[in-house]
Amino acid sequence: MALTSTHVLLPYGRYPLHGATWTVQDSTQVTDGIPVVAIVLTIIFVWFCLLGLLFLLMKERRYVGFVSVSVTGPGFHHTAQFPAGPQSGAWAANAVAQARAITAAAPPYM
């Protein structure tokens with residue numbers, strides 16, 4: 001997806017920007033867990049000293065899901081999905097806010 005001052009450019013064509021509606025959906029889920037390397041190190045070092053159990057305190061944050069950005073207008077609809085990450089939802093919301101501002105300022109298509 002790309003924008004000009006009067007058109008939205010999609011992989012399958014160029015459409016007027018006036019009347020387009022932008023939406024963003026953040027389906028990111030964050031999970032915390034113990035990484036595999038911590039379990040392996042605990043198993044190895046617990047035989048040498050009990051300090052090996054401290055490896056179980058390691059935490060890993062995983063981001064799963066996606067962020068979806070959609071644009072709908074007269075005669076077209078397009079959705080793009082981006083991988084989840086710590087800042088992807090905020091980035092997509094900012095990009096959609098800018099796209100909405102450009103769309104609001106777009107002249108009617110003639």
Could you check F76 against R14 for side-chain contact (heavy atoms from CB on, under 4.5 Å), going step by step and ending with a plain yes or no? CA-CA 10 Å; F76 68 94; R14 180 177 171 175; over 6 Å; no

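- Rounded to the nearest 0.5 Å, atoms CG (L9) and CE (M1) are 11.5 Å apart.
- Using a distance-only test at 3.5 Å, with no hydrogens or angles considered, a donor-acceptor pair links the side chain of R100 to the main chain of W22.
- A distance of 9.5 Å separates CG in D26 from CZ in F66, rounded to the nearest 0.5 Å.
- Aromatic ring centres of Y12 and H78: separated by under 6.0 Å.
- Scanning all heavy atoms of the two residues, the minimum distance from R62 to I34 falls at NH2-O, 4.1 Å.
- Considering P16, P108, P107 as possible partners of T6, the one that fulfils the side-chain contact (heavy atoms from CB on, under 4.5 Å) test is P107.
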For a side-chain contact (heavy atoms from CB on, under 4.5 Å) check, start with the C-alpha distance between V67 and Q25, then their side-chain angles and the critical distance, and finish with the verdict. CA-CA 6 Å; V67 177; Q25 178 185 1; over 6 Å; no

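- The CG atom of L56 lies 10.0 Å from the CE atom of M58; values are rounded to the nearest 0.5 Å.
- Atom OG1 of T42 sits about 8.5 Å away from atom CG of L54, to the nearest 0.5 Å.
- Between D32 and R61, at least one side-chain N (NZ, or NE/NH1/NH2) sits under 4.0 Å from a carboxylate O, which counts as a salt bridge.
- Between the side chain of S88 and the main chain of A84, no donor-acceptor pair closer than 3.5 Å is present.
- In this structure the side chain of T72 never reaches within 4.5 angstrom of the side chain of T23, judged on heavy atoms.
- The two residues I102 and T4 make their nearest non-hydrogen contact at CG2-O, 3.8 Å.
- We find the CD1-CD1 distance between I39 and I44 to be 12.0 Å, quoted to the nearest 0.5 Å.
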Apply side-chain contact (heavy atoms from CB on, under 4.5 Å) to the pair Q29 and Y63, showing each step before the final yes or no. CA-CA 6 Å; Q29 295 178 356; Y63 296 91; over 6 Å; no

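- S5 approaches L17 most closely through the heavy-atom pair O-CD2, 4.1 Å.
- Taking both residues in full, the closest heavy atoms of A20 and T103 are given as O-CG2, 3.5 Å, listed atom of the first, atom of the second, then distance.
- In this structure, V24 and A92 approach most closely via the heavy-atom pair CG2-CB, 3.8 Å.
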Take V69 and V96 through the test side-chain contact (heavy atoms from CB on, under 4.5 Å) and record every step on the way to the result. CA-CA 8 Å; V69 176; V96 167; 3.7 Å; yes

